[in-house]
Structure formats: C-alpha cells, structure tokens
Q: 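Here it is: the structure, laid out below.
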Amino acid sequence: MEEKKTLDVKLEAFSGPLELLLHLIEKNKVSIYDIPIVEITDQYLDYIDRMEETDLDTMSAFLVMASTLLSIKAKMLLPEKKPEDEEEEEQTDPRQELIDALLEYKMYHELAGELKEREDEAGLVLFKEPTIPPEVKNYEAPVDPAELLDGVTLSKLNAIFNEVLKRQRERVDPIRSKFGSIKREKISLEEKTGELLSFAKGHRHFSFRNLFEGDTSKTEVIVTFLAVLELMKTGKIHARQEEIFGDIEMESQVAYAV
Amino acid sequence: MQSNELKKELEGIYFAIGRSLDAKTAAEAFGVTKEEVIKASEELAEEYESADRGIRLVRLEDSFQMCTAREIYGSLIKIAKQPKKAVLTNTLLETLSIVAYRQPVTKAAIAKIRGVNSDHSVNKLVEYDLIEEVGRMDAPGRPILFGTTEEFLRVFGIESLSSLPSLSDEQIAEFKEEAVEEAENETVDV
Amino acid sequence: MQSNELKKELEGIYFAIGRSLDAKTAAEAFGVTKEEVIKASEELAEEYESADRGIRLVRLEDSFQMCTAREIYGSLIKIAKQPKKAVLTNTLLETLSIVAYRQPVTKAAIAKIRGVNSDHSVNKLVEYDLIEEVGRMDAPGRPILFGTTEEFLRVFGIESLSSLPSLSDEQIAEFKEEAVEEAENETVDV
C-alpha cells in the first residue's frame, strides 16, 4: 500500500457531506461506482474530527453521513449470508443508494460550475437605470378587476371552493394528526375574564356558544368557561342552562343601560 | 484608438450612464483627447439622426447625453401607463372563493379552511377591490368580517349572483338596480 | 405599423425603460402582435450585433432588455458604476443549479439532493431575487415550490430556461463510462 494518506482537507470547508465525500473520492482517484468504503470512511471520520465548529444543522448532516458510511462498512465486512435459495434475488450492493445520491449530487455540482462561468461572462454587461419622465414614472394604474378575473367564472370559483373544502377534509398528516393540536397557546384566565367582562358590558343577553368563532381550541373553550364561572361568582353575570350539554344563556348584570 | 472603436465605447457609456457625460471625463477614461471624444460623439449623434433611430445623442456644452427620439414620447407613456399585470394566483382564487361562498367570514375562518395563514391574500383582495370589510363579528376581539364587493358582483355578471349563498333577494335586486342605474349614467357620460 | 417604425419605437423604449420589457406589453401599446414585437426586437438585436455597436439587446424569455456590449466592459467600468453584485458562494451556486434544473422544487427536495439542510441558501437566493416562490405543492403542509426569476436569466446571461447550459450528452456518457470502466478494473477494495 502506498504511503499513509494524509489529507489536506483541513483548510477546505465543505458545504455538505456529499461534497466532502465527492472530494475524497476524487482525491483517492477511485470510481463513484466502487467506493473503497473502509478507506473513505476513515478519511471521512478523520475530516469530521478536525472539522471546525459549524452550525448544528450542517454538523448533524455530516454525522448522519458518517453513520451511513459506518453502517455500509459493517454490512460489507460481515460475511454474506448464503442465500438459502439460489433463485433468490441478487444481493444489492450496500453502497448502491449512496452511489445514486452521489451521482445526482455530482451532476448539480458540475452544473453549478457551468453556471459560475456564465455568471462571470454575463457580468461584463451593464444595464441602466430607467430614464423615464417622473410624471410617467409615478403613474400607477389601478388594477382592473375585470381583467384580473378574466376567464374565471362563478362555476369555476365554486369548483375551486369545493376543491379547497375537499382538501381541508383530506388534510390529515398521518403522523402529526395523532399528536392532536400542537398549537402553542397561552390563554390566561385573567385576560379572558377581562375580555368577557368588557363583552358583557356591551351585551345584555348572550350565549356561551356565541362567544366563539369557528376556529376555537379546546383550551380556549375551557378557559372561557372558567371565566364565566369567575364572573358568576362575582355576580357580574347570571347564567342558565336549560338542559345538560345545552347552550348556556347568560344575562349580563353589568350591561350599560341602553 | 480607432474612431469606430471609440464610437462603440462612447455609445456604451452614454447608454449605461443615462445622464450627461462630460467629454473630458470620457477622454481620460478612454485615453484619448477631449477633442476626439467630441468629434466621435458628434458623428454618433449625426448617425442616429440620419438613420432616424429611436435613440438620440444631445450635446450640452461639452457634455453629451443619450435620450429617446422626441417622437417616441407618446409610446413611452403608453407603455409606462399600462396597468400593472396583477396576477390572480391560485392562493388568491382560493381565498376569494372562500369569501364568496362563506361570506361574511373572518380571516381566522379562512385560514382554518385553507390550512395556512391567509392574511396576505385577504389584504391583496381588498386592495384589488374584490372583497371588503362588511362588519364585525359580535364576538370577543370583534374580528373583521369580509364579504365580496359590488365590483366583484359586476365582474361576474348580475344574473349569476343568485348562486352565491349569502345574498338575500333584496340585496340582489338592489345590486341590479344600482348596476342598471350606473350603466345608464355611463352611457350619458359618453 | 411599418417594421422600421416599430424598430425605432422599440429602440427608444428599450433605452428609456431601463428594465426588461415584455413583448406582450409592448405589443398592446403599439397595437401590433406579440410576434411582430419579437421579430422586430430580434432584428434590432441582430443589427447591433452585426454592426458591432456599443449597445446590445438581450432576450429574457419573451422580454427584451438593452445592455452594453461585453467587449467594452474594461473601459466602461472606469466611468460607469456596476451595481454591486451578490457574491454567490459554491453552496449558493449548487442550490441555485438544483432549483434551475429541477424547478419547480421544494426545500425538502433540495436538501435531499445536497444531503444537508438548505433553508439558509434558499432564503438567501430569494433575497437576491434569483429564485422565487412559484406555487405550492399539493401535499401535506402545502410546501412552497421554488423556481428561478428573470433576474436569474440576466445574471447568468441565459436567454430562456430552455437554453440553460447542460452537461452535453457526450459528457454524461463519458462520465458514466469512465466510472463503469474503473469499477470493472478494480477489485472490490474493501
């Protein structure tokens, strides 16, 4: 084996794990299709060791790749399990996924170089600022709604509306929906009581349900209910519920005289 | 420097700089004499004139400035005054459809239906005079209720309005009357 | 309108307006077809080119914009100020090339290709007006789709997205063959 490879990557900053990997592969003059995983993994880990502190996102991406490499290395070192049946499908190279990712990355990496050349060339051209008389420049034509809605019919609008509703129904993120609402809310009882009180000042009769807009979280309902209890206790409102689970009718004791 | 080469450079610089450029400054930059700059510029101006180009070069003392041919002014105004192409994006259309079929409706309710904050779309639609504030909800916080505007109704034609949900027959009748009146007024105006 | 007349008007407008002008807008103002505007503009561009003028006309999709000839940059820059350009790091260029060739594309797809979170790059490119939101993907969360802007075309001197520089077929074939060959020649080197 040739002399121990010491990589002069110390000073180079790589923007992502694939860039580093590509660099190592080119440096070792090996093919993407046949990455010598052990060597490359060692060099990769070596780079990470010496990596200067960078942001957490980037660092974790490098670490994810490191563990991917280690896992591939492990798979390749382990003796292949003999397929029980000769017909069994071909063993896939554990490197395959990485190879595909590298090839795709490499393509955009090269195209970025092409773009850079274009940029340098295009940079030799100067444009100019508009020289338009101010009275013309300052004129801003109003938007013409008729033109804006050109081609939109009421039935199309209706179709869009139905589409939106359909999407709303289907908008179920399979994972997150199990978490329930993850909205961060801070509804203080004190605030709510204050709000309710000022509302009661302007309304002699109102019902509990009408206190909410369509989109109300459970927390808000509960806090509002507590606020109602609070105001009942202090005699600011009287409340009445005809039947269990029925709406609560409230009569304000602090409403301004009409 | 060849005269043609100088003219090319001068044409470029007069264009890029937009304002007037003093022959002395140009001469220094290009490494020629001020007289050479003036001569080349005069020639350039003459070429524009005789070829009846859309651009011209005017002399102001020892400076030159590129400008448009006077005859172009009319077209320039036409272009500059053309209404900006406002684009009705899908987002706007969606929001508009919700307001149209759910009116009167609050921003919060729209956001709930669309699944994303829609304040920007609502504001744009108000700016385009397609929806407007039609009142306040009688609820804590008194959120604004939005509905479609007359302009919206006009665009979609009076006849189709009955298929919109929240407009009462009286409202529609009223709109019709108003629209007819306006139409009459307009013909008088013209 | 006569073809020469149209060219004259267009030349003046392109000069004065400073930004790019969409052929459709021009066509409406002049009462001609969009195709006529494009044809006249192409002719104008060709004239500048063949007469080796100091000004040029570049096409950006269906818009045109006047600019200076590349060869005189050295002289012009002594007088005219070039607006400060954003420095595009390799990371930004990489992200930009993914957007350019894959558009419309989401942040997640970009991150997948680059192997690292790319939100920061995407935001920077939006800030530099090189890419923009072009829609939403119809998927949970309705993620934003990004595409390139007209400024992108200008900065990279690209007439239209269909003429983006590409790795030639030979390049790609060569690149793949080499890799395969190497793979065959080498024994598994674990």
Side-chain angles (χ1 to χ4, degrees), chain B residues 1-2 4-19 21-22 24-32 40 44 47-48 51-57 66-85 87 89-91 94 114-117 120, chain C residues 1-2 4-19 21-22 24-32 37 40 44 47-48 51-57 66-83 133-136 138 140-145:
Chain B
M1 196 183 284
Q2 291 254 312
N4 273 347
E5 187 59 26
L6 181 58
K7 270 196 265 182
K8 179 179 175 182
E9 303 224 334
L10 284 170
E11 182 174 51
I13 194 71
Y14 289 137
F15 160 76
I17 216 153
R19 51 180 174 76
L21 178 68
D22 162 39
K24 193 159 156 271
T25 312
E28 277 162 16
F30 298 149
V32 296
L44 205 53
E47 282 170 28
Y48 292 158
D52 194 21
R53 317 268 327 202
I55 49 175
R56 297 297 155 90
L57 200 59
M66 196 181 269
C67 59
T68 54
R70 202 165 297 141
E71 312 88 84
I72 306 289
Y73 190 75
S75 315
L76 186 58
I77 290 181
K78 260 195 247 163
I79 300 252
K81 285 204 172 176
Q82 238 168 28
K84 247 191 283 162
K85 260 275 174 277
V87 192
T89 59
N90 286 339
T91 306
E94 274 178 26
R114 291 197 53 236
V116 289
N117 180 307
H120 180 74
Chain C
M1 194 181 286
Q2 290 253 312
N4 273 345
E5 186 60 25
L6 181 57
K7 271 195 264 181
K8 176 182 172 181
E9 299 261 348
L10 284 171
E11 181 174 54
I13 301 287
Y14 288 138
F15 163 75
I17 210 152
R19 53 180 172 78
L21 179 64
D22 168 40
K24 192 158 162 270
T25 309
E28 275 163 19
F30 295 136
V32 296
V37 169
L44 205 54
E47 281 169 31
Y48 293 160
D52 195 23
R53 313 273 312 234
I55 50 174
R56 296 298 154 91
L57 201 57
M66 200 178 264
C67 62
T68 60
R70 225 170 258 171
E71 313 86 77
I72 57 178
Y73 179 80
S75 313
L76 300 199
I77 207 62
K78 289 182 202 155
I79 305 181
K81 253 191 268 149
Q82 174 83 300
E133 176 177 342
V134 293
R136 297 269 182 164
D138 203 2
R142 313 236 321 122
I144 299 173
L145 289 164

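Letters go in sequence order (proteins before strands), and every chain restarts at 1. Scope of the values below: all heavy atoms of this structure, side chains included, with no hydrogens, waters or symmetry mates.
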Q: Which pair of heavy atoms, one from B:Glu71 and one from C:Glu9, lies closest together, and at what distance?
A: O-OE2, 4.4 Å
Q: Taking C:Gly18, C:Cys67, C:Gly135 one by one, which has the highest count of heavy-atom pairs under 4.5 Å against chain B?
A: C:Cys67
Q: Between B:Arg53 and C:Tyr48, which heavy-atom pair has the shortest distance, and what is it?
A: NH2-CE2, 3.2 Å
Q: With a 4.5 angstrom heavy-atom cut-off, could you sort out which part of C:Asn4 is near chain B: side chain, backbone, both or neither?
A: neither
Q: Against chain B, label C:Tyr73 side chain, backbone, both or neither, depending on which of its atoms sit under 4.5 Å from a heavy atom there.
A: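 Looking at C:Tyr73, nothing touches chain B.
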Q: Distance check, rounded to the nearest 0.5 Å: C:Ile17 atom CD1 versus B:Leu76 atom CG?
A: 6.5 Å
Q: Checking heavy atoms, do the side chain of C:Ala80, its backbone, both or neither come under 4.5 Å from chain B?
A: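 Contact with chain B is through both the backbone and side chain of C:Ala80.
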Q: Distance from C:Thr25 atom OG1 to B:Lys78 atom NZ, nearest 0.5 Å?
A: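 So the gap between those two atoms works out to 13.5 Å.
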Q: Is there side-chain contact between C:Ile55 and B:Ile55, with heavy atoms separated by less than 4.5 Å?
A: yes
Q: Take B:Asn90 and C:Arg136 through the side chain to side chain contact (heavy atoms under 4.5 Å, CB included) test and state the conclusion after the steps.
A: CA-CA 9 Å; B:Asn90 286 339; C:Arg136 297 269 182 164; over 6 Å; no
Q: Atom NZ of residue position B:Lys24 - does it have more than 12 heavy atoms of other residues, nucleotides or ligands inside 6.0 Å?
A: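 Count not over threshold, so no.
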Q: Can you tell me which of C:Leu10, C:Thr68, C:Asp52 forms the most heavy-atom pairs within a distance under 4.5 Å of chain B?
A: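 Of C:Leu10, C:Thr68, C:Asp52, C:Asp52 has the most heavy-atom pairs under 4.5 Å with chain B.
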Q: Check whether B:Ala69 gets within reach of chain C through its side chain, its backbone, both or neither, counting any heavy atom under 4.5 Å.
A: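 Side chain only.
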Q: Take B:Ile13 and C:Ser75, measure what side chain to side chain contact (heavy atoms under 4.5 Å, CB included) needs, and give me the verdict at the end.
A: CA-CA 9 Å; B:Ile13 194 71; C:Ser75 313; over 6 Å; no
Q: Out of C:Gly54, C:Gly74, C:Ala16, which one racks up the most heavy-atom pairs below 4.5 Å with chain B?
A: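 Winner by heavy-atom pair count: C:Gly54.
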Q: Closest approach of B:Ile79 and C:Leu21, non-hydrogen atoms and distance?
A: CG2-CD1, 3.8 Å
